[in-house]
Q: 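Got a structure here, written out as C-alpha cells. Questions coming.
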Amino acid sequence: MSLKALIFDLDGVLTDTAKYHYLAWKKLADELGYYFDEEINELLKGVSRINSFEIILKKNNATDKYTPEEKETLANKKNDYYKEMIEQLTPDDILEGILPFITEARNNGIKCAVASISKNAPRVLELLEISDLFDYIADAALVKQPKPHPEIFLTCAKALGFEPSECIGIEDAQAGIEAIHSAGMLSVGVNVTVTSVKPDVVLNSTAELNFEKLRKYC
Ligand code: B16
Ligand code: MG
C-alpha cells in the first residue's frame with residue numbers, strides 16, 4: 001500500500017475543544033442537578049451529542065426521566081453553551097505539531113480530510129482558519145452512524161477516491177480508533193485512553209506527529 005490520504009479527527013486532534021464540550025455539559029448537568037466529572041467526560045469523546053447526554057443520564061440513573069423530545073431540547077441547550085464558548089477559538093488553539101505535519105503531507109501530494117462527527121466542525125475549522133488545508137470535510141449531519149461505526153472514515157476515503165488501505169486515520173478517542181480499525185485503515189492514536197482496540201501507532205501528543213515516520217508504515 002502507498003499512503004494517499006490522512007484523515008483527521010477534529011476535537012482532540014486538531015484542537016482541544018474537549019475542554020469546551022466538558023464545560024458545556026458540566027453547566028447543563030449542574031443546572032439539572034446531575035453528577036458529571038472529567039472521568040465521565042472521557043466516555044463522551046467521539047460520541048454523538050445525544051448519545052453523550054444518554055451516558056450522563058445513565059450515570060445518574062435518570063435514563064427514563066425525559067421523553068426523546070425533552071432529551072433533544074436539553075442536548076441542544078448544551079450545544080448553545082458550547083457554541084458560545086468556541087467563539088473564543090483562534091489559530092493559536094491549533095494543537096502543537098499539526099500545521100507542520102499537514103504542510104509536509106500536502107507538499108508530498110498527500111490529501112487531507114476531516115472526519116469529525118461534530119456538527120460544529122465547520123465553524124471550529126473556520127475559527128482556526130484551517131478549512132482550506134483540507135481536501136474534504138465530512139458533513140457530520142449526513143453521517144448516519146456515529147463512531148465507532150466506520151462510516152465517517154469510509155465516507156472520507158470514498159470522497160477522496162482512495163481505498164481505505166491507502167489512508168491513515170488520526171484520533172484521540174477510543175470510539176474513533178475502533179472506527180478507523182473497522183474501516184480497514186491504519187490508526188494513529190493521540191493520547192488515547194485505551195479500553196479496547198489499541199491504535200496501530202501510539203503517540204502521547206500531536207507534537208509527536210512525524211510525516212516521514214508515518215509514511216514508513218505504508
Ligand atoms: P457536536 P470529534 C466529537 O467530535 C466530540 O469528540 C464529542 O465529544 C462530541 O459529543 C461530538 O463530536 C458531537 O459534537 O455536539 O458539536 O455535534 O471528536 O468527532 O471531532
Ligand atoms: Mg476526538
Side-chain angles (χ1 to χ4, degrees), residues 6-29 36-59 71-87 89 93-95 98 112-128 130-131 134 136-156 169-183 187-195 199 203 205-206 209:
L6 295 168
I7 305 179
F8 295 81
D9 171 50
L10 171 62
D11 292 334
V13 170
L14 298 178
T15 188
D16 182 20
T17 32
K19 68 178 178 223
Y20 298 120
H21 279 299
Y22 170 75
L23 291 171
W25 281 124
K26 179 76 181 143
K27 191 169 175 187
L28 182 74
F36 183 66
D37 62 9
E38 299 269 7
E39 206 179 315
I40 301 175
N41 190 56
E42 205 49 48
L43 304 174
L44 312 186
K45 290 186 178 172
V47 175
S48 72
R49 194 181 307 162
I50 198 70
N51 288 349
S52 296
F53 190 45
E54 291 286 4
I55 290 172
I56 295 170
L57 290 177
K58 198 167 172 205
K59 289 278 174 192
K71 287 178 183 175
E72 190 84 24
T73 303
L74 290 168
N76 286 342
K77 197 170 180 195
K78 173 266 172 180
N79 191 49
D80 288 340
Y81 297 148
Y82 178 72
K83 283 203 292 196
E84 204 183 313
M85 289 172 187
I86 59 170
E87 284 305 307
L89 286 170
D93 293 299
I94 299 167
L95 287 175
I98 287 292
C112 294
V114 177
S116 170
I117 57 155
S118 171
K119 297 195 174 92
N120 295 296
R123 181 62 185 148
V124 171
L125 293 171
E126 192 181 9
L127 288 161
L128 298 176
I130 53 173
S131 309
F134 298 99
Y136 183 73
I137 297 165
D139 185 342
L142 295 181
V143 176
K144 292 186 192 74
Q145 309 279 350
K147 300 166 188 174
H149 194 282
E151 183 184 1
I152 195 161
F153 285 95
L154 292 173
T155 302
C156 287
I170 305 164
E171 261 286 350
D172 71 315
Q174 180 68 67
I177 295 297
E178 284 173 44
I180 297 170
H181 185 81
S182 303
S187 63
V188 176
V190 180
N191 197 20
V192 177
T193 305
V194 178
T195 52
L203 302 179
S205 90
T206 50
L209 283 167

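As the structure lists them, so they are numbered: ligands from 1, and atoms in each ligand from 1. By convention here, the first residue in the shown sequence is residue 1.
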Q: Going by the order shown, which atoms of ligand 1 are within less than 4.0 Å of some heavy atom of Asn120?
A: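 That gives atoms 1 (P), 16 (O) of ligand 1.
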Q: Give the atoms of ligand 1, by number and element, whose distance to some non-hydrogen atom of Asp9 is under 4.0 Å.
A: 2 (P), 18 (O), 19 (O), 20 (O)
Q: Give a yes/no on ligand 1: does Lys147 have at least one heavy atom closer than 4.0 angstrom to it?
A: yes
Q: Could you check atom 15 (O) of ligand 1 against the protein and tell me its nearest heavy-atom contact, residue, atom and distance included?
A: Arg49 NE, 2.7 Å
Q: When you measure from atom 13 (C) of ligand 1 to every protein heavy atom, which one gives the shortest distance, and what is it?
A: Ser118 CA, 3.8 Å
Q: For the Mg ion (ligand 2), which N, O or S atom of Asp11 is at the shortest distance?
A: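 Result: O.
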Q: Would you mind listing which atoms of ligand 1 come within a distance below 4.0 Å of any non-hydrogen atom of Lys119?
A: 1 (P), 16 (O), 17 (O)
Q: Decide yes or no on side-chain hydrogen bond (donor to acceptor under 3.5 Å, both in side chains) for Glu126 and Ser131, but give the supporting numbers first.
A: CA-CA 6 Å; Glu126 192 181 9; Ser131 309; over 6 Å; no
Q: As an exercise, identify every atom of ligand 1 less than 4.0 angstrom from a heavy atom of Gly46.
A: 5 (C), 6 (O), 7 (C), 8 (O)
Q: Counting each atom of ligand 1 from 1 as listed, which ones have a heavy atom of Leu10 under 4.0 Å away?
A: 20 (O)
Q: Report the name of the N/O/S atom of Asp172 located nearest to the Mg ion (ligand 2).
A: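 Minimum-distance N/O/S atom of Asp172 relative to the Mg ion (ligand 2) is OD1.
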Q: Quick check on the 6.0 Å ring-centre criterion: do Tyr81 and Tyr20 meet it?
A: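 Between Tyr81 and Tyr20, the centre distance exceeds or equals 6.0 Å.
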Q: State the atoms of ligand 1, each with its element, that fall below the 4.0 Å cut-off from a heavy-atom position in Leu44.
A: 7 (C), 8 (O)
Q: Which residue holds the protein heavy atom closest to atom 4 (O) of ligand 1, what is that atom called, and what is the gap in Å?
A: Asp11 OD2, 2.9 Å
Q: Do Lys144 and Glu151 meet the salt-bridge criterion of a basic N to acidic O distance under 4.0 Å?
A: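 Looking at Lys144 together with Glu151, the answer is no, because their closest N to O distance does not fall below 4.0 Å.
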Q: Find the distance between CG (Leu43) and OG1 (Thr193) and round it off to the nearest 0.5 Å.
A: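 Reported value, rounded in 0.5 Å steps: 9.5 Å.
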Q: At what distance, to the nearest 0.5 angstrom, does OH of Tyr22 lie from CG of Asn41?
A: 7.0 Å
Q: Asp9: which N/O/S atom is nearest the Mg ion (ligand 2)?
A: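 Relative to the Mg ion (ligand 2), the closest nitrogen, oxygen or sulfur of Asp9 carries the name OD2.
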Q: For ligand 1, note which part of Val13 has a heavy atom under 4.0 Å away: side chain, backbone, both or neither.
A: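 Contact part for Val13 vs ligand 1: neither.
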Q: Any atoms of ligand 1 less than 4.0 Å from a non-hydrogen atom of Ser52? List them with their elements.
A: 10 (O)
Q: Testing Asp172, Asp11, Asp9 for salt bridge (Lys or Arg N to Asp or Glu O under 4.0 Å) with Lys147, which one passes?
A: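 Result for salt bridge (Lys or Arg N to Asp or Glu O under 4.0 Å) with Lys147: Asp9.
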Q: Roughly how far apart are Glu42 CD and Asp37 CG, rounded to 0.5 Å?
A: 10.5 Å
Q: Can a donor-acceptor pair be found, under 3.5 Å and without considering hydrogens, that links the side chain of Thr15 to the backbone of Thr17?
A: no
Q: Judged by modelled atom types alone, do Lys45 and His21 share a side-chain donor-acceptor pair under 3.5 Å?
A: no
Q: Which residue supplies the protein heavy atom nearest to atom 11 (C) of ligand 1, what is that atom called, and how far is it?
A: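 Checked against all protein heavy atoms, atom 11 (C) of ligand 1 sits closest to Val47 O, 3.3 Å.
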Q: For Lys59, I'd like to know if atom NZ has over 12 heavy atoms of other residues, nucleotides or ligands within 6.0 Å.
A: no
Q: Give the numbers and elements of all ligand 1 atoms closer than 4.0 Å to a heavy atom of Ser116.
A: 2 (P), 4 (O), 19 (O), 20 (O)
Q: Atom NZ in Lys119, atom CG in Asn79: separation rounded to 0.5 Å?
A: 8.5 Å
